[in-house]
4 protein chains.
Amino acid sequence: MASKALAVIAGVGPGTGASIARRFAQAYSVVLLARNPDNFNPVVQEINSSGGQAIGISTDVANADSVNTAFDEIVKKFPDTPLAATIFNPGGGFVRKPFLELTEDEFSLGFEAQAKGAFHIAKRSLPLFLEGKDKLSYPPTLIFTGATASLKGSANFAAFASGKFALRALAQSLAREFGPQGVHVSHAIIDGVIDIPRTKGWVFEHEDAKLSPDAIADSYWHLHTQPRTTFAFELDLRPYIEKW
Amino acid sequence: MASKALAVIAGVGPGTGASIARRFAQAYSVVLLARNPDNFNPVVQEINSSGGQAIGISTDVANADSVNTAFDEIVKKFPDTPLAATIFNPGGGFVRKPFLELTEDEFSLGFEAQAKGAFHIAKRSLPLFLEGKDKLSYPPTLIFTGATASLKGSANFAAFASGKFALRALAQSLAREFGPQGVHVSHAIIDGVIDIPRTKGWVFEHEDAKLSPDAIADSYWHLHTQPRTTFAFELDLRPYIEKW
Amino acid sequence: MASKALAVIAGVGPGTGASIARRFAQAYSVVLLARNPDNFNPVVQEINSSGGQAIGISTDVANADSVNTAFDEIVKKFPDTPLAATIFNPGGGFVRKPFLELTEDEFSLGFEAQAKGAFHIAKRSLPLFLEGKDKLSYPPTLIFTGATASLKGSANFAAFASGKFALRALAQSLAREFGPQGVHVSHAIIDGVIDIPRTKGWVFEHEDAKLSPDAIADSYWHLHTQPRTTFAFELDLRPYIEKW
Amino acid sequence: MASKALAVIAGVGPGTGASIARRFAQAYSVVLLARNPDNFNPVVQEINSSGGQAIGISTDVANADSVNTAFDEIVKKFPDTPLAATIFNPGGGFVRKPFLELTEDEFSLGFEAQAKGAFHIAKRSLPLFLEGKDKLSYPPTLIFTGATASLKGSANFAAFASGKFALRALAQSLAREFGPQGVHVSHAIIDGVIDIPRTKGWVFEHEDAKLSPDAIADSYWHLHTQPRTTFAFELDLRPYIEKW
């Protein structure tokens, strides 16, 4: 395949992941990971038919074997192609329940989907970043998608907040370990409802009350283009009318 | 057994857990949980021989069955005895390693020992708190022991910080859900080296450079005695010469 | 006058300041500072008539000359008496207004009353702490009273939040500079309505919805008694039903 | 004058302010404010001679009259021209001294230069934003430049940290009040040494150890272009090798 650099987007549905894929596909060959191919197939087709290059690989990010198989395939399909960016944008692990009704498995879901998924993806991305960083236009970039629950544990959110806090701890640890090696690690806090198919019916008093997935993607792209002198670690994104 | 209220200390070694047990034993019958009985036996004996009442139960806090067995035994041994306080003071989950050398199991250790242990202990303590709260002198109290890594993910600390962040998320979630029901949930950030047998050999330039386990215990006891009008959620404890 | 150590409480009205004065008067001679003597006279009388020792000095804490005059008087009245604790518990600087209606003077009020007042009080207290610290039972202690607005700037709170943020910056700076010299500097975040005469009429759905000034005073006393191995810098106090 | 929208940069020297001015001059007429005209004259000339439009106005941002005079002149020179962005990038208020050597005036410097300067600039910018916002391509934007000292008070930094904390409180208050009115208020934390003429001689072990003013300007421009559905309030910028 071609010699453009690569971007991997882990966690792609019809919302933010798709927007990020489209944005990064303007510069890179993009690899879309999601458990269900229905989630990435339309975006893959769209990108390929509009002059970009995209493939999708069915992957369970919380599972090491599945992630390893996916990255082995990526390396095989794109030999000698540096990895420019990996975006970890997981969908899973959301549970909202009174604490006393929460099972151990439900409580662990947040950690499994968010932190452990990020662990697997980071384990495979970081060596590729270090290996290929001198062939890239921008510092290799690893972005994690956070949420309100990354900063605040709330009633009925013990499982999800635990996972999102753990993901942020991982992001900070990686930023401090791999930043000095020239890898840009970032954590974006998405504080509000995103305007995706699943939330179409959610009506708010004000217009523009939902985050734009394309605007999120633009901010991720901006993070990616920062030089190593000037890395942002964290930024918070929210609609103008959001209470915070 | 007698009718004093109970305190459960989960995670007892010869350091902080022992000091907390001694402090709470001045007012309550205390139950000490640790995997290895060698860790609680000396304290149990000491408390019992000096007029207090203590038992130890060998427990793996990260294991639901083990925690359930322990609490079943507690309820059986102390029928009609309200639970006044549970202190979660876990020892495990500490891993310090470059990220790329960290295995999936090692990465999970922090979450398992810290967050999941806290989950199991909280699941059994909270119903007992709600049931017995009107028979107590002070609001029932659940205190979690945090660390520097609860607030900051550092290079080589991805596993431990993930676990400690997750534990703090759990603590916040429980404080916001059970505070309004009259349960006092707190999180203490221990920022520094504690003066325990294991750290005896660590010598610092200044004297008094290590946290006193007895002083930590005094602060936990102070948290416990706060009325419900005036709950502290979080406090940070560190030696006077600590850089922070 | 007698040889007990001293505590200075700056900012005394019929609420928290009075409770703190009563609490510290159990161990120390207390000096109460407030602009209006009506604010400290009843407490001074109460303490003196119940076996304690108290004096009040009319002082404008935001004014350097006034603070200097007060401390000169203190040193003269209590020669050779070490200063054990100073509590900065200011009442002023609260303004709640849409930003575009805020005058420059109103905006500065928060800084003047909170941060500059704390500056003056700290300037005079710290040398006394360093001078007398070896004669004290506990490390000399400087406690600043913060608020919700110490952590969060909100609509219409630009003036007050600026003052409270600045006060917290000062507290952190002093803790990091004077902690290693054995002075305990703390910052308490009072997050909620305090149960004082002025708020008597504020009725909430739940009982016990207001912070107890006596319980705040107990926590301040607890901070004061911590050994230098185990200093708390910050704790947050709120009623059990408070949303946060 | 022409009908391009306007950007005001308050606090321009040969470093970050100049880069921000150049960046915003690609789209807007820019107005540069600094006390000393020597600080903005070279940039004004450079922008005008390369096809942009720039003016400089000698202004003391900490002084209300001076700021009012400057904005009156701006409105007169650019009638019917909407204000698209104001960047508050103040240079003053830096004092580094042991606390006991700090005078009252020195302590106030941080607040005066940072918070009060921002107050004056915001007072004049916000009405212009609200008035002209429907004529703009992007939501009107008010960006404040913060520093490490915005988040942490350190020994010898009481004055500067108080000013920077207060500035952040103001930024948060304005974001929460004017965000829902469609104004984008942001706060950027510059955590490290910026590569400007004044720091040319500061040599670090690693190359690229200083923040790039041009990259900071790019991030500010990115913030400005975010749609109101997706506002970032805060981002932190630091060199890849910075310890944090």
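First the proteins, then the strands, lettered A, B, ... as listed; each starts at 1.
For A:Ser186, no part lies near chain D; criterion is any non-hydrogen pair under 4.5 Å. Within the 4.5 angstrom heavy-atom criterion, no atom of D:Thr225 approaches chain A.
Atom CG of A:Asp236 is separated from atom NE2 of D:His187 by 11.5 Å, given to the nearest 0.5 angstrom. Between D:Ser212 atom OG and A:Arg228 atom CZ the span is 12.5 Å, to the nearest 0.5 Å. Residue A:Ser219 holds its OG atom at 7.5 Å from CG of D:Leu223, rounded to the nearest 0.5 Å. The CG atom of D:Asp218 lies 7.0 Å from the NE2 atom of A:His222; values are rounded to the nearest 0.5 Å.
Looking at every heavy atom in both residues, D:Ala232 comes nearest to A:Leu237 through CB-CD2, 3.7 Å.
By the 30° and 60° cut-offs, the orientation of the rings of A:Phe231 relative to D:Tyr240 is perpendicular.
Within residues 171-178 of chain A, the residues having any heavy atom closer than 4.5 Å to a heavy atom of chain D are A:Ala175, A:Arg176, listed by residue number. Among residues 20-28 of chain A, no residue has any heavy atom closer than 4.5 Å to a heavy atom of chain D. The stretch residues 194-210 of chain A places A:Glu207, A:Asp208, A:Lys210 near chain D, each with some heavy atom under 4.5 Å from a heavy atom of that chain.
Residues satisfying the ring-ring contact (aromatic ring centres under 6.0 Å, His included) test with A:Phe119, not counting sequence neighbours, are B:Phe99, B:Phe107.
Per-residue heavy-atom pair counts under 4.5 Å with chain A were compared for D:Asp214, D:Thr230, D:Ile189, and the maximum is reached by D:Thr230. Chosen from A:Lys243, A:Glu234, A:Gln181, the residue pairing most often with chain D at heavy-atom distances under 4.5 Å is A:Glu234.
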